[in-house]
Amino acid sequence: MISLSHITKTFGSGDSAVHALDDVSLNVADGQIFGVVGQSGAGKSTLIRTVNMLERPDSGLVTVAGQELSGAGEAELRAARQRIGMIFQHFNLLSSRTVLGNVELALEVIGVDSRQRKARASEILDLVGLTSKSSAYPSQLSGGQKQRVGIARALAGKPRLLLSDEATSALDPETTRSILELVKTISTELGLTVLLITHEMDVVKTICDSAALLENGRIVEQGPLVQLISTPGSRLALDLFPLGAVPPPAGNTIIDITFSGGSADRPVIAQLSRTHGIDVVILGAAIETISGNQAGRTRLQLPGSVENNTAALEDLRSQGLLVELVGGGKS
Ligand SMILES: Nc1ncnc2c1ncn2[C@@H]1O[C@H](COP(=O)(O)OP(=O)(O)O)[C@@H](O)[C@H]1O
Ligand SMILES: [Mg+2]
């Protein structure tokens, strides 16, 4: 659905130049919910804005649903943007219009006639659960309700792609959850592809199939979440399983074991003590549902150096577990 190929974008020039995007390549499959994570200033908004050409890249190709937008003219772009919905952190609603009026506006600008507009706007407000607020004004709505209007407006023109730039960042955790659930349901029911920008790992964990980590305008890792959690050293995986800082090893070996799929319910620790006679100390554990499957990471302390624990580490690895040494020397 989306293909970004070697995108660069620089703001300013000379000493004050900011390389907002530096050779970014990314593919989002049809129907996927894809998350882009990164700190403030990483280039996330610039990235999402290149997808509908609100930001023209300096170089690289942008293709959406098979159409190359980076080479398209204004008329072609206008038509293409009708097939791409977008939602924002601060909702961007018109305060002078009712809820229904805000949704209708999206249809007005593409020339849908008045009767069809009303019918379609009412239908989509029903989908986002806001029928009862049709004639309310934005100032009378909660943040979550405002974002539901934002989603209704974005979907009014029946796009195949939804772009979301920090759409839940202004919302409390409970409202965030309900909005994410809505996005997920809509994506499934309408076969909508979603590219979602966030600085919150919780958002990724809750609804994304795949994710990319953006840092200083560069993608440092990307892939399906299930693949990332079994990639040694993955920073995204580390963020998916928040285990805190690694304590000083003090003559011990400290490892993180990642469980997923079939290995999630095996008595690994008991077996480690039994077979190798090791007194294992559990330093931390996190269990998450990732792409619908249980996965977990456990931080263990094994007494003695890595050399002393070679057999145990090999045994764990031979069981298909991802074992990462996080303290105590090389393995
Ligand atoms: N229109 C602009 N003019 C100049 N600099 C910009 C512009 N838009 C973004 N930037 C800069 O590009 C970098 C990336 O910004 P942005 O994409 O907004 O990051 P994020 O959304 O991850 O916080 C920042 O250093 C920002 O200041
Ligand atoms: Mg931003």
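Computed from a prediction, not measured in an experiment: that's the story for all the values here. FYI, the numbering just counts along the sequence from 1.
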Check the pair Phe241 / Ile229 against side-chain contact (heavy atoms from CB on, under 4.5 Å), numbers first and verdict last.
-> CA-CA 9 Å; Phe241 300 112; Ile229 61 169; 3.7 Å; yes
For Ser135 and Thr98, test the side chains for any donor-to-acceptor distance below 3.5 angstrom and give the result as yes or no.
-> no
Between atom CD of Glu55 and atom CZ of Arg49, what is the distance when rounded to the nearest 0.5 Å?
-> 5.0 Å
Test item: side-chain donor near acceptor, Thr168 and Gln147, under 3.5 Å | no
Would a hydrophobic clustering, with Ile, Leu, Val, Met, Phe, Trp and Tyr connected at side-chain separations under 4.5 Å, put Leu155 with Val28?
-> no
Do Leu243 and Val323 belong to the same hydrophobic cluster, where Ile, Leu, Val, Met, Phe, Trp and Tyr are linked whenever their side-chain heavy atoms lie under 4.5 Å apart, directly or via other members?
-> no
Any donor and acceptor pair, going by atom type alone, linking the side chain of Ser234 with main-chain N or O of Ser230 inside 3.5 Å?
-> no
Evaluate the salt bridge (charged side-chain N to carboxylate O under 4.0 Å, His left out) criterion for residues Glu104 and Lys118: first the C-alpha distance (whole Å), next the side-chain angles of each, then the deciding distance (0.1 Å), finally the verdict.
-> CA-CA 7 Å; Glu104 276 195 60; Lys118 264 210 171 53; 3.4 Å; yes
Would you please say whether a donor-acceptor pair under 3.5 Å links the side chains of Gln145 and Gln140?
-> no
Side-chain donor or acceptor of Arg299 paired with backbone N/O of Val326 under 3.5 Å | no
Test item: side-chain donor near acceptor, Glu166 and Thr198, under 3.5 Å = no
Distance from Asn309 atom CG to Asp315 atom CG, nearest 0.5 Å?
-> 12.0 Å
Ionic contact status for Lys184 with Glu189, cut-off 4.0 Å | no
Any link between Met86 and Val51 through a network of hydrophobic side chains (Ile, Leu, Val, Met, Phe, Trp, Tyr) touching at under 4.5 Å?
-> yes
Do Leu162 and Leu77 share a hydrophobic cluster (ILVMFWY, side-chain heavy atoms under 4.5 Å, transitive)?
-> no
Should Phe259 and Leu283 be counted in the same cluster of Ile, Leu, Val, Met, Phe, Trp and Tyr side chains packed under 4.5 Å apart?
-> no
side-chain contact (heavy atoms from CB on, under 4.5 Å) evaluation trace for Asp239 with Val37 = CA-CA 11 Å; Asp239 289 341; Val37 199; 5.9 Å; no
Taking it one step at a time, do Gln39 and His199 satisfy side-chain hydrogen bond (donor to acceptor under 3.5 Å, both in side chains)?
-> CA-CA 6 Å; Gln39 295 191 335; His199 65 272; over 6 Å; no
Rounded distance [0.5 Å steps], CD in Glu123 versus NZ in Lys158 | 6.0 Å
Qualifying residue, where the test is side-chain contact (heavy atoms from CB on, under 4.5 Å) with Phe34 and the options are Val194, Leu26, Thr193, Leu196 = Leu26
Could you tell me whether the side chains of Thr253 and Gln301 share a donor-acceptor contact shorter than 3.5 Å?
-> no
Would you indicate whether Arg97, at its atom CZ, is surrounded by more than 12 heavy atoms from other residues, nucleotides or ligands within a distance under 6.0 Å?
-> yes
Applying side-chain contact (heavy atoms from CB on, under 4.5 Å), run through Ile48 and Val36 and close with a yes or a no.
-> CA-CA 9 Å; Ile48 208 165; Val36 177; over 6 Å; no
In Å, rounded to the nearest 0.5 Å, how long is the span from NE2 of His19 to CG of Asp22?
-> 7.0 Å
Nearest 0.5 Å please: distance from the NZ atom of Lys146 over to the NZ atom of Lys133.
-> 12.0 Å
Are Glu215 and Arg235 close enough, and set up right, to give a salt bridge (charged side-chain N to carboxylate O under 4.0 Å, His left out), and what steps lead you there?
-> CA-CA 11 Å; Glu215 216 171 60; Arg235 302 242 316 268; 2.4 Å; yes
Gly144 backbone acceptor or donor facing Thr175 side chain under 3.5 Å | no
Atom CG of Asp113 with >12 non-hydrogen neighbours under 6.0 angstrom | yes
Going by atom types only, do Asp209 and Ser291 share a side-chain donor-acceptor pair under 3.5 Å?
-> no
For Ile287, does the CD1 atom sit with more than 12 other heavy atoms under 6.0 Å from it, leaving out its own atoms?
-> no
Taken to the nearest 0.5 Å, the spacing of Phe91 CZ from Leu171 CG works out to 5.0 Å
